[in-house]
Amino acid sequence: MSLLEITDLTVGFDTEDGLVQAVRDISLTLDEGEILALCGESGCGKSVTAMSVPRLLPPDTTRLSGSVKLDGRELTTLPEPDMRHVRGKDVSVVFQEPMTSLNPSFSVGYQITEVLRRHEGLSRRAAGDRALELLELVGIPAAARRMKEYPHQLSGGMRQRVMIAIAVACSPRVLIADEPTTALDVTIQAGVLDVFRDLRDRLGTAIILITHDLGVVADIADRAVVMYAGRAVEQATVTELFANPRHPYTLGLMKALPTAAVGGRLAEIPGMVPSPLSDPDECAFHDRCPRVQVDCRVSRPPLVRQAEGHLAACFHPGGQS
Amino acid sequence: MILRIDNLVKHYGQVRAVDGLSLEIGQGEVLGLVGESGSGKSTVGKCVLRLTDPTAGTIELAGRDITRLSRRAMRPLRRDMHMVFQDPFSSLNPRFTIEQIVGEPLLRHKVADRRGASERVSAMLEKVGLRQEMRSRFPHELSGGQRQRVGLARALVLEPKLVVADEPVSALDVSVQASVLNLITDLQRDMGFSCLFITHDLSVVEFLADRIAVMYLGKIVESGPKAEIFAAPRHPYTQALLSAAPVADPVRQRERRRVVLGGDVPSPVDPPSGCRFHTRCPLAYDACRTDEPPLTDTRGNGHPAACHLITADRIPDAAAHR
């Protein structure tokens, strides 16, 4: 049994324009100590998929079906007070924007010790000691001095490290990181990715990394799920995915990168993502796909095994390259 | 030379955003100005367009000193240079139709009457790959990529000599980014404008720039032809920047030697003494803390860098020190 098992997850939101389907029939697993990347472009459903785990979606408008199991325990139907406990201790989240997710009117030290005192029941003093350890763990120099500082006194990279320290304060089993380095400079990003690697290696934390950046995926993830229009279109170990991308969308994303230019031109993906208001029976990628054939317009290709541990949802997948 | 910047300084109060920067852009040349947040790269763009007044230094556009020109004297020159912004959402007037947005520069500079403007808008929309029925649409009805095409059409409709593009593709998804980058390449080749392309993204300038200048804390630390900079970066900061950007290939990425930089970017209010990079440089020694290294073209091949460790026969290797 995997640490986390998501089965047939479908998430929609009630809006003025009708039901918007953000995620459709996603199934995935996450093992202890594994770094899983959820990748894809804006609106593909990668964040909604991940935020379904700690149930950080607006309860009034969210329509969710399917199952999310942590250690075999169903989370989708868990009463809210129990869920709150899961959120603090078992599953925690690091968001993209470290400025808006820290409280500007409390010191860094207070914000970390607060979590430790509430969820771990530590004394003020024990929490202070542990907070200092955590700041050192995430690579913050002069941690004792930083404890007394306020978020505005820290740089973006340091704030993100503080966010990670708070997120791992109660040794969560699953850490969800939503574009954690997107707002950071590359020289700072490298250090923050090292922190995630280190957490995994030292504490065995399982990490779901939500990112649009294939470079980050290649750098740090063990496995990756590529999403398009709310569905998983491909899933494989990272080495396999980059060596043998089977889905034409995955291949298109890789070829569209500026570093993949051929003869001074980039491969474009023509057209646009279909509206999340519609629920087509055909392949959602068919009108942008270079390999489209009649069957793609008639029915939707299921996510099926292409090779060991490699799934793709395409009637005409690419072969071994 | 279309643009020549000499010893540009721009201080905002105590913030020394740009602190002595010189660069040149030739006819039809694309210069990629690369730097991380707070390096001052966007301020350079604003000074060039005189959207802000430089504190010191000179800016010449096609041989004419425009540094101290009045607003009024600048007005006719605004035909020759235009800006493309990062955010295609906030840089287009939401109350204007696409036709009005793209046609507005033509009417403002009185280079066309309404009818002539309408024809040139049509031609311009076609050039940027937008269908004619887009003319009557409003910005909110367009996708991010379409809006950025409108931004390009507006910038290019007067056929400027110089385009300053500040992170024009950074807000776009990779598939949309690819088509906008191809479009910029095509337009630049067809129309022949010079371009100051400001970005934090090395892969983007690797794709479309002719030359690259790397900025750190208000100064250029290295510049040169694109191929040279990517194949043999000289300044330890450039080396760090190149090594930190992950490549989308797990096998290669995991074998790469990385330059790990300590600490944070210092504040431009109080930049470090000597070489501004010394607080983070793995190779820094005594002289770096006290003496500021000049930007010198040690080998005389148009690839200057500002580092004490560069000599005629030695290039520092920041990755060798961890």
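We use all heavy atoms of the structure for the numbers below, so side chains are in, but hydrogens, waters and symmetry mates are not.
Heavy-atom minimum distance, B:His235 versus B:Cys307: CD2-CB, 3.9 Å.
The closest side-chain donor-acceptor pair between B:Glu36 and B:Tyr237 falls under 3.5 angstrom. Neither side chain, A:Gln235 nor A:His310, offers a donor N or O lying under 3.5 Å from an acceptor on the other. With 3.5 Å as the limit, one finds no donor-acceptor pair spanning the side chains of A:Asp213 and A:Thr211. Side-chain contact check for B:Ser194 and B:Glu29: no donor-acceptor pair (N or O, by modelled atom type) lies under 3.5 Å.
Most heavy-atom pairs under 4.5 Å with chain B, from the set A:Val216, A:Leu266, A:Ile269, A:Thr239: that is A:Leu266. The candidate with the highest count of non-hydrogen atom pairs below 4.5 Å against chain B, out of A:Gly252, A:Ala218, A:Gly215, is A:Ala218.
Residue contact with chain B, scored on non-hydrogen atoms closer than 4.5 Å, is absent for A:Leu241. Neither the backbone nor the side chain of B:Arg252 comes within less than 4.5 Å of any heavy atom in chain A. Both the backbone and the side chain of A:Val238 come within less than 4.5 Å of a heavy atom in chain B. Heavy atoms closer than 4.5 Å to chain A are found in the side chain of B:Leu181, but not in its backbone. Looking at B:Val251, the atoms closer than 4.5 Å to chain A (heavy atoms on both sides) all sit in the side chain, from C-beta outward. In this structure, the portion of A:Gln189 lying under 4.5 Å from any heavy atom of chain B is its side chain and not its backbone. Only the side chain of B:Ser143 comes within contact range of chain A, with at least one heavy atom under 4.5 Å from a heavy atom of that chain. Contacts of B:Asp186 with chain A are made by side-chain atoms alone, with heavy-atom separations under 4.5 Å and no backbone atom involved. Heavy atoms closer than 4.5 Å to chain A are found in the backbone of B:Asp249, but not in its side chain.
Residue-level contacts of residues 254-265 of chain A with chain B, in order of numbering, are A:Ala256, A:Leu257, A:Pro258, A:Thr259, A:Ala261, A:Gly264, A:Arg265; threshold 4.5 Å between heavy atoms.
A salt bridge does not link A:Asp219 with B:Arg256: none of the charged nitrogens is closer than 4.0 Å to a carboxylate oxygen. Comment: B:Lys127 does not engage B:Asp190 in a salt bridge, judged by the lack of any side-chain N to carboxylate O separation of less than 4.0 angstrom. The pair A:Glu234-A:Arg246 does not count as a salt bridge, with every side-chain nitrogen at least 4.0 angstrom from each carboxylate oxygen.
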Checklist entry - Taking it one step at a time, do A:Leu38 and A:Leu28 satisfy side-chain contact (heavy atoms from CB on, under 4.5 Å)? => result CA-CA 10 Å; A:Leu38 290 185; A:Leu28 56 86; 3.9 Å; yes

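In this structure, A:Glu179 and A:His212 have side chains that are in contact, with non-hydrogen atoms separated by less than 4.5 Å.
For the pair B:Asp166 (side chain) and B:Ser42 (backbone), a donor-acceptor distance under 3.5 Å is absent.
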